[in-house]
Amino acid sequence: MKFFIDTANLDEIKKAASFGFLDGVTTNPSLMAKEGLSRQDDHIKAICALTPGPVSAEVLATETEAMIKEGRHLASLAPNVAVKLPLTMEGLAATGVLAGDGIRVNLTLVFSPLQALLAAKAGAAFVSPFVGRLDDVGHDGLELVEEIITIYGNYNFGTEIIVASIRSPQHVLRSAILGADIATIPYKVIQQLAGHPLTDRGVADFLADHAKVADK
Ligand code: G3P
């Protein structure tokens, strides 16, 4: 299972990379805005320099031709850019063209298994089901992931599933049990994955016991 970080914050990406298991990065316009950025070219280049893995950069255009133009521009910024497009009819049409250019496309804002089926048929390299936002409206987001895994397995689609909109370690755990290809995880949740109160207590106990005999 690959771990991406879901952020546009350079410090968070550097810290995640230092843990040794950063396989890629996903950004979106809201995450860019959080960094105070409207124009993103230099920032995307800076992120791409921090990881050899795919870095999803999202288009702002909503019409097919404009998406293709913007997607080609984003892909020219660095070899590891994956162009992120919304799963709309326009996004699907743009996906076919960009994939034909050899550009990896990540189809995002996916909330149904049929949208994911269309993403694979369009030639997307990645599909991003948003589990947290589905949970927010009373659905089980991971059920969607399970359905996509079944459909892709039925037809041997090569599109990789990026579980997105992750809010908790449970989302990561259930994604791993289901066999999702990738989880894109906010930095806060990455920290929660490693932490356990019994680990902290165990370290403190070991050090305390060692201190009792250290000078003997
Ligand atoms: O990459 C986009 C996705 O992960 C958004 O998450 O928390 O805004 O639903 P969230």
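As the structure is a computational prediction, the values presented were derived from the model and not from experiment. One-based numbering, in listed order, for ligands and for the atoms of each.
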- prompt: Are E58 and ligand 1 in contact, using a heavy-atom cut-off of under 4.0 Å?
  reply: no

query: Has ligand 1 got any nitrogen or oxygen that is less than 3.5 angstrom from a nitrogen or oxygen of K84?
result: yes

message: Pairing donors with acceptors under 3.5 angstrom, does anything connect the side chains of T199 and R201?
response: no

- request: Provide the closest heavy-atom pair for T95 versus A122 in the form atom of the first, atom of the second, distance.
  value: CG2-O, 3.7 Å

message: Determine whether a donor-acceptor pair (N or O, by modelled atom type, separation under 3.5 Å) exists between the side chain of T150 and the backbone of E146.
response: yes

Protein contact to atom 6 (O) of ligand 1 [nearest heavy atom, distance to 0.1 Å]: S165 CA, 3.3 Å

- line: The protein heavy atom nearest to atom 8 (O) of ligand 1 is R133 NH2, 2.8 Å

- prompt: How far is atom 2 (C) of ligand 1 from its nearest protein heavy atom, and which residue and atom is that?
  reply: N28 ND2, 3.2 Å

- prompt: Less than 3.5 Å between some nitrogen or oxygen of R167 and one of ligand 1, yes or no?
  reply: yes

- request: Begin with the C-alpha distance, continue with both residues' side-chain angles, and end with the deciding distance and a verdict on salt bridge (charged side-chain N to carboxylate O under 4.0 Å, His left out) for D6 and K188.
  value: CA-CA 10 Å; D6 196 29; K188 188 178 147 213; over 6 Å; no

statement: Heavy atoms of V55 and T51 approach each other most closely as CG2-CG2, 3.8 Å

- prompt: In terms of residue, atom name and distance, what is the protein heavy atom nearest to atom 1 (O) of ligand 1?
  reply: D6 OD1, 2.8 Å

